[in-house]
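Reading through the structure tokens given below for one structure.
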Amino acid sequence: MAAVDSFHLLYREIARSCNCYVETLALVGACYTASKAVVLMRDCYSLIRLHFIPRLVYPRDLVHQYGKWAVISGASEAIAKAYAEELARHGVSIILISSDVRSISDTARSVSETHGVETILIEADFGWGPMACKPIKDAVGDKDIGFVINCLDSSLEVSPDFADLSESKMWNIINNSIAAATLVTRLALPGMAERQRGAVVNISSGGCSRPTPRKAALSACTAFLDHFSRALHYEYGPQGVFVQSLVPYRVASQEEEDSAGVSWLVPQPQVYARHALSTLGISHRTTGYWPHTMQFRLMQCMPEWIWVLGSRVLCRVA
């Protein structure tokens, strides 16, 4: 009995001495919970401010705010075509640049007839080197260029293993993804800075914001366009040029637009472009579409090894 009483006495003494530590740990837990609640409220506010409020206010005069003309490279991509359509709806004339003019001729005709704006088609393969810049430079001329839209090649999403890429394919990736965005921006940026208005939008891929197996080329191009945009923002933002990095997740291709593959997580290009354009002038780096922003936040919380493991599993399934 004495041993039992001694145990209870010892337990009470230990509990009394540890009471201050328990209170301290409870305070730390409360502070941690409060900080997470504040972060959650901040993220919810940012989501509403960026993706919902701009779409409720009156339409903006993009021509007055940025300029009369838009130059769009990688114009054969579904997102680029939808972005051109959305800009034309606001009265912006369009210069479409692609290595295959036939793939964008219908888009140009539809945009011009539907919205009554001017459209110019330019065939430019940046594998030609400096020769590719001449027709673009001639087309830009003294025009009031208000927008430069560079769209990443979506074919990189299904590229083979890095070692299986041919040298010609590698040069094509570098020239038509990295060099194209850099040179087209370089041709239009001086005029924007002189007029102290304009917008540069580089559209890459949110799915490769982290290193992704079997998509080394896409990861590298995404990282380049993202950092290129952010660096230009700090360099030319004070001169009145708004630079935005768009990092969307999966957007339906032209073949999927009428299929069951379209959902709120995989929007049609027109839906995505409408949402993305509403974020212009508000956020310098965004997914452009609120469900994709939720995906992006989830990915940020995910350890990299889980991301890599999931990517490898999906590659095997595909």
Side-chain angles (χ1 to χ4, degrees), residues 59-126 128 131-154 176-177 180-192 195 197-203 241-242 244 246 251-255 257 268-278 280-281 288:
R60 296 178 294 171
D61 186 352
L62 295 182
V63 173
H64 176 75
Q65 187 175 358
Y66 295 105
K68 174 65 177 175
W69 285 85
V71 179
I72 302 179
S73 70
S76 57
E77 299 298 324
I79 294 179
K81 292 178 180 179
Y83 213 106
E85 183 84 24
E86 192 64 23
L87 286 173
R89 193 169 67 85
H90 288 81
V92 179
S93 296
I94 308 294
I95 299 175
L96 298 171
I97 304 171
S98 176
S99 57
D100 183 11
V101 170
R102 292 172 298 179
S103 65
I104 57 175
S105 58
D106 291 342
T107 300
R109 182 167 53 253
S110 173
V111 165
S112 180
E113 292 176 355
T114 304
H115 303 288
V117 298
E118 295 181 67
T119 56
I120 298 175
L121 300 181
I122 299 177
E123 185 170 11
D125 187 337
F126 287 86
W128 301 340
M131 293 176 56
C133 294
K134 189 178 184 307
I136 302 173
K137 189 181 297 184
D138 294 340
V140 169
D142 296 327
K143 291 183 175 65
D144 179 15
I145 304 296
F147 303 86
V148 173
I149 316 297
N150 298 305
C151 193
L152 191 66
D153 184 0
S154 62
N176 289 310
S177 295
T182 307
L183 293 173
V184 171
T185 303
R186 169 62 183 83
L187 291 174
L189 199 55
M192 291 181 175
R195 292 185 292 272
R197 66 172 185 171
V200 177
V201 180
N202 292 314
I203 307 172
V241 181
F242 188 89
Q244 184 182 59
L246 281 181
V251 176
S253 64
Q254 292 173 314
E255 294 77 15
E257 286 186 37
Q268 293 181 339
Q270 295 81 2
V271 173
Y272 175 80
R274 192 175 309 119
H275 280 79
L277 188 59
S278 69
L280 189 64

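FYI, side chains are in, hydrogens and waters are out, and symmetry mates aren't considered; it's all heavy atoms of this structure.
In terms of heavy atoms, V184 sits closest to S73 at CG2-CB, 4.1 Å. Across all their heavy atoms, Y83 and A273 have their closest contact at N-CB, 3.7 Å. The two residues I94 and A84 come nearest to each other via the heavy atoms CD1-O, 3.8 Å. Heavy atoms only, all atoms of each residue included: A75 and A80 are closest at CA-CB, 3.8 Å. Contact record, Q270 with A82: N-CB, 3.7 Å, taken as the closest heavy-atom pair. A pairwise comparison of heavy atoms in A70 and L87 identifies CB-CD1, 3.7 Å as the closest pair.
Of the candidates V101, I97, I104, L96, V101 is the only one forming a side-chain contact (heavy atoms from CB on, under 4.5 Å) with E123.
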Cut-off 3.5 Å, no hydrogens considered: what does the side-chain donor-acceptor table look like for residues 139-148, sequence neighbours left out?
unit_1: K143; atom_1: NZ; unit_2: A139; atom_2: O; d: 2.8
unit_1: D144; atom_1: OD1; unit_2: R195; atom_2: NE; d: 3.1
unit_1: D144; atom_1: OD1; unit_2: R197; atom_2: NH2; d: 3.3
unit_1: D144; atom_1: OD2; unit_2: K68; atom_2: N; d: 3.4
unit_1: D144; atom_1: OD2; unit_2: R197; atom_2: NH2; d: 2.4

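Side chain of S112 to main chain of R109: no donor-acceptor pair is present (N/O by atom type, distance under 3.5 Å, no hydrogens or angles). With hydrogens and angles ignored, the 3.5 Å screen pairs no side-chain donor or acceptor of S110 with any backbone N or O of T107.
In this model, no donor atom of one side chain and acceptor atom of the other lie less than 3.5 Å apart for S76 and D100.
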**Asked** Does the side chain to side chain contact (heavy atoms under 4.5 Å, CB included) test come out yes or no for L121 and T119, once each step is laid out?
**Response** CA-CA 7 Å; L121 300 181; T119 56; 5.7 Å; no

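Residue pairs meeting the salt bridge (charged side-chain N to carboxylate O under 4.0 Å, His left out) criterion with at least one member in residues 110-120: none, sequence neighbours excluded.
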